[in-house]
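The structure under discussion appears below in the form of structure tokens.
Both counts, for ligands and for their atoms, begin at 1 and track the order of listing. Keep in mind that this is a model prediction, so the values were computed, not measured.
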Amino acid sequence: MYSSDEYFSPSESEVVSSSEADEGVPLAAAGYDKSDGSCTTPSTESALGFVSAPVVPLAGLQITGVEEGNEYKYDSSNILFAYCESAIELYNDGKDVLFEDFGMPQGDRPPASGLCYLDNRIINNLYRCGIRTMRPAQLAAFQAIFFNNPEAIQPSDFLGISSTGSGKTHAFLVPVVQQCLNSIEDISDDEDETSDDENCTSKEKKRTPFALIFAHSNPLVDGIYQRILELVKDTDIIVKKIVGQQDFITDTNFDIAICSVGRFSNHFGPNACKVELDLSGLKYVVLDEADKMAENNEFYQLYTKMKEESTFVTMAFSATIDMSIMDFMDTDNYYQLLYGEQNAVPLSVKQRFCEVNSRSVTKIVGFATGNVRQLKYEPGEKIHPFDALYNYINKTNDMKKSKKRFLVFVKRQCVADFIAQKLCCYGIDAVSVYR
Ligand SMILES: Nc1ncnc2c1ncn2[C@@H]1O[C@H](COP(=O)(O)OP(=O)(O)OP(=O)(O)O)[C@@H](O)[C@H]1O
């Protein structure tokens, strides 16, 4: 009888997961010294509590070098965040940096770091989603957006290269939502002074898009949309989804839209055939999985046209480095974060490799008789892919003494159907999922 251990020997490549992979990490920021270009590492002894951080123009300066340490943590001295002239001490004696450290003062309770950037509604909404500690990509994006030099003509672009699952989505959603909140509340303050209509809430006032977030597939757009809805709860921010298989939008009265390229081009650019977007007030364009967006020629043309119509900051996020992303960065004025190992599977994902022969014949038999078993493989004979999968599932469930869930990715829909049906036949509950 075949034993699956033969095929998953200890010598196989395996990246061990860390139980800490989902937790935030203690962070520190280093200050960039304008005079000699050196970077100062903050002392962990210095006290928290900077009310405002002096900023220097850092055109063209890249932030690099967040090295991944053991167990998803990293040494703070490896961080070169170069936004501020003097160090912002966030290390806090090794304790995690919380979103509320960036909060606005609540009553007589000022935020620990003295950095009053985040509206308490946003912090509460994050809290409801179980998100409290900040992750490196998030802190870096915050610094880029919030600590930008107020005297600079144009705020800097931001390129965040950070491993899968490191929290890139909130790294752009939180600062963009906060900036949007500032913007609509500024507008409504101005209008309140001039308006006769006191009953008109800021929700009812006409808007033009403040931020557009692009993703390359409809499910990604949906995912981001769900997360932003959680984040804007209790605020007046209007969010739209501009995506295929949905109605065309009927007006441009919104603040933030999550867009797929095809449907967006129905509202903007040479193919516009529906309500045309007014992008004159656009302030942020975010590219999620920017490497994929960079492959899309249609998007590049739309982006170029957007640049002609408005002046906005581009934030691009990706887990992999691809030089074509640079087409979307203002290379004279951008910040870059590199965090974790690029172009690699995250530490929290275990990898096992098994050599298979898809031309061989399966040796799992007994469906008709109900006596399911596997016939013996000859030494050196490569296993059939279905047998490898079947064995792996059974072996894992036996080891864990419970039924685990597995995701199996294949290229074609018919293969997904076939594998799911076959697994069901052999007593493993399975469904095929596709669009
Ligand atoms: N600061 C945080 N604390 C705890 N959980 C967080 C934090 N930030 C994000 N998360 C959660 O971590 C998970 C992964 O985040 P997210 O999907 O944003 O990662 P990602 O870097 O965008 O991954 P991908 O490269 O796959 O798009 C999500 O469930 C998210 O809610």
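- Using a 4.0 Å cut-off to heavy atoms of Thr133, the atoms of ligand 1 that qualify are 1 (N), 2 (C), 3 (N).
- Between Ile131 and ligand 1, no pair of N/O atoms sits closer than 3.5 Å.
- Heavy atoms of Phe99 come nearer than 4.0 angstrom to ligand 1 in at least one pair.
- In this structure, of His170, Arg227, Arg132, the residue bringing a heavy atom nearest to atom 16 (P) of ligand 1 is Arg227.
- A salt bridge links Lys241 with Asp222: the distance from a Lys NZ or Arg NE/NH1/NH2 to an Asp or Glu carboxylate oxygen falls below 4.0 Å.
- Residues Tyr117 and Gln178 bring no donor and acceptor atom of their side chains to less than 3.5 Å of each other.
- Asp255 places a side-chain N or O within 3.5 Å of a backbone atom of Ile238 that can act as its donor or acceptor partner.
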- request: Starting from the C-alpha separation in whole Å, work towards a yes-or-no answer on side-chain hydrogen bond (donor to acceptor under 3.5 Å, both in side chains) for Ser156 and Asn333.
  value: CA-CA 5 Å; Ser156 312; Asn333 185 20; 2.7 Å; yes
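- Side-chain atoms of Asn125 come within 3.5 Å of backbone N or O of Leu231 as a donor-acceptor pair.
- Taking only nitrogen or oxygen atoms, main chain and side chain alike, Thr169 reaches within less than 3.5 Å of ligand 1.
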